Amino acid sequence: MASNTSAACESCRFFDDHKLNGGQAVGDEGLCRFNPPVSQPEPKSPGLWPVVASKDWCGHFTAEMSAAE
């Protein structure tokens, strides 16, 4: 896997461009939509999607993965 340069978050079907209220991407950051939002320590705090860099990667990446898998 380490030799596959396309195995990056930006190539993953679960990578979502991180947008601000103005609709502009924030640097090379994005949101990982593979898992549900991460809960926060305070009960009234909303859950947050993990923020990842476009060149990051994880063990969930598979180029052929479909949303149903």
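In this chain, numbering begins with 1 at the start of the sequence shown. Predicted model, so just to flag it, every value in this text is computed and none were measured.
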Q. For residues 36-59, which residue pairs qualify under salt bridge (charged side-chain N to carboxylate O under 4.0 Å, His left out), counting only residues two or more places apart or in two chains?
A.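 For residues 36-59: E10-K55.
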Search all heavy atoms of [X] against all heavy atoms of [Y] and return the closest pair with its distance.
{"X": "A53", "Y": "C9", "result": "O-CB, 3.6 Å"}
{"X": "A8", "Y": "S54", "result": "CB-O, 3.5 Å"}
{"X": "W49", "Y": "R33", "result": "NE1-NH1, 2.6 Å"}

Q) Can you say whether the rings of F14 and F34 are parallel (under 30°), tilted (30 to 60°) or perpendicular (over 60°)? A) perpendicular
Q: May I ask you to list the residues sharing a hydrophobic cluster with V38, side-chain cutoff 4.5 Å, ordered by chain and number?
A: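 None, because no other hydrophobic side chain comes under 4.5 Å of this residue.
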Q. Picking from V52, V51, D17, what satisfies side chain to side chain contact (heavy atoms under 4.5 Å, CB included) with L31?
A. V51
Q: Rounded to the nearest 0.5 Å, what's the gap from NE2 on H60 to SG on C32? Could you check?
A: 7.0 Å
